Student: 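The structure follows.
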Amino acid sequence: MLIINSEFLISNTDVSKCPNNSLPDYAFIGRSNVGKSTLINALCNKKSLAKTSSTPGKTQLINHFLINNNWHLVDLPGYGYARTSKIQKKKFQKLIISYFKERKQLISAFVLIDIRHQPQTIDLEFMYWLGEKQLPFSIIFTKSDKLSQNKIKLQIETYFKKMSDQWSFIPNHFITSSPKKNGLKDVLEYIEELNKLK
Ligand code: GDP
């Protein structure tokens, strides 16, 4: 699938106000600075559809984009920013939890992980929570251009070894680089396949 049309629809702090139609949602989420906005822009081939590097943790909104008049790309707020206040963290949690619990149109989440880092508790806990709620997700490893092929392999092995403490299978995953456009086609093809199953 090529994205030939992408447009911003609406930002919300209230899940019930998200677009009220039957188009499927694909939600992108991850720690602040993981490269989520950059990835969304690269997927859509636009320079600034999603806002990159705004004050991390500040914008706590559910952003809906309409893709090819056919599905929603949902940009969820970044989590885990150290300087976020406790109140903001709670607000974020509430918003995310209500999105995942209430949004019937959600087909799959994409949890973004910076491939350079060791497994972080906040990501592992979040994926465990998705699993508990039986919400489908894939992992998108970002910034692979920053590592050698050998190091990428090592990082992935380490990641899934850690995940095997809690998971009996290796989750579906993609290895991406936004500037090099690596792995982006695979993400879009995967979404296309899921859309066909609808
Ligand atoms: P967000 O907070 O998750 O939306 O992160 P951003 O998209 O704003 O990216 C954070 C920083 O990482 C920015 O400086 C980006 O240029 C950089 N970045 C994002 N994706 C990549 C990538 O795939 N490769 C490299 N080398 N840098 C990236």
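Computed from heavy atoms alone, side chains included, the values below leave out hydrogens, waters and symmetry copies. The structure displayed is predicted, hence computed values, not measured ones. Read the numbers this way: they start at 1 and go in the same order the structure lists the ligands and their atoms.
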Student: In terms of side-chain heavy atoms, does Asn63 have a donor or acceptor partner in Ser11 at a distance below 3.5 Å?
Tutor: yes
Student: Hey, are Arg31 and Asp114 close enough for a salt bridge, meaning a charged N less than 4.0 Å from a carboxylate O?
Tutor: no
Student: Quick check: is Leu197 connected to Ile107 through a chain of hydrophobic side chains (ILVMFWY, heavy atoms under 4.5 Å apart)?
Tutor: yes
Student: Would you say Ser178 and ligand 1 have an N/O pair spaced under 3.5 Å apart?
Tutor: yes
Student: With a 4.5 Å cut-off on side-chain heavy-atom distances among I, L, V, M, F, W and Y, is there a chain of contacts connecting Val74 to Leu43?
Tutor: no
Student: For Gly35, is at least one N or O under 3.5 Å away from an N or O on ligand 1?
Tutor: yes
Student: Would you mind listing every ring-ring contact (aromatic ring centres under 6.0 Å, His included) that reaches into residues 21-46, with sequence neighbours excluded?
Tutor: Tyr26-Trp71, Phe28-Phe110
Student: For the 3.5 Å polar cut-off, considering only N or O atoms, please tell me whether Ser144 and ligand 1 meet it.
Tutor: no
Student: Has Gly78 got any heavy atom lying under 4.0 angstrom from an atom of ligand 1?
Tutor: no
Student: Measure the distances from the heavy atoms of Pro179 to every atom of ligand 1 and state whether one is below 4.0 angstrom.
Tutor: yes
Student: Give yes or no for whether the N/O distance cutoff of 3.5 Å, strictly under, is met between Thr142 and ligand 1.
Tutor: no
Student: Should you measure from each heavy atom of Thr38, which atoms of ligand 1 turn up under 4.0 Å away?
Tutor: 6 (P), 7 (O), 9 (O), 15 (C), 19 (C), 20 (N)
Student: Under 4.0 Å from a heavy atom of Ser177: which atoms of ligand 1 are those, numbered in the order shown and with their elements?
Tutor: 23 (O)
Student: If we set the cut-off at 4.0 Å for heavy atoms, which region of Asp145 has an atom near ligand 1: side chain, backbone, both, or neither?
Tutor: side chain
Student: Identify whether Tyr128 and Leu124 are in the same connected component of the hydrophobic contact network (ILVMFWY, side-chain heavy atoms under 4.5 Å).
Tutor: no
Student: Does anything in residues 145-154 form a side chain to side chain donor-acceptor pair (under 3.5 Å)? List the pairs, not counting sequence neighbours.
Tutor: Asp145-Ser177
Student: Could you tell me whether Lys180 approaches ligand 1 through its side chain, its backbone, both or neither, with non-hydrogen atoms closer than 4.0 Å?
Tutor: neither
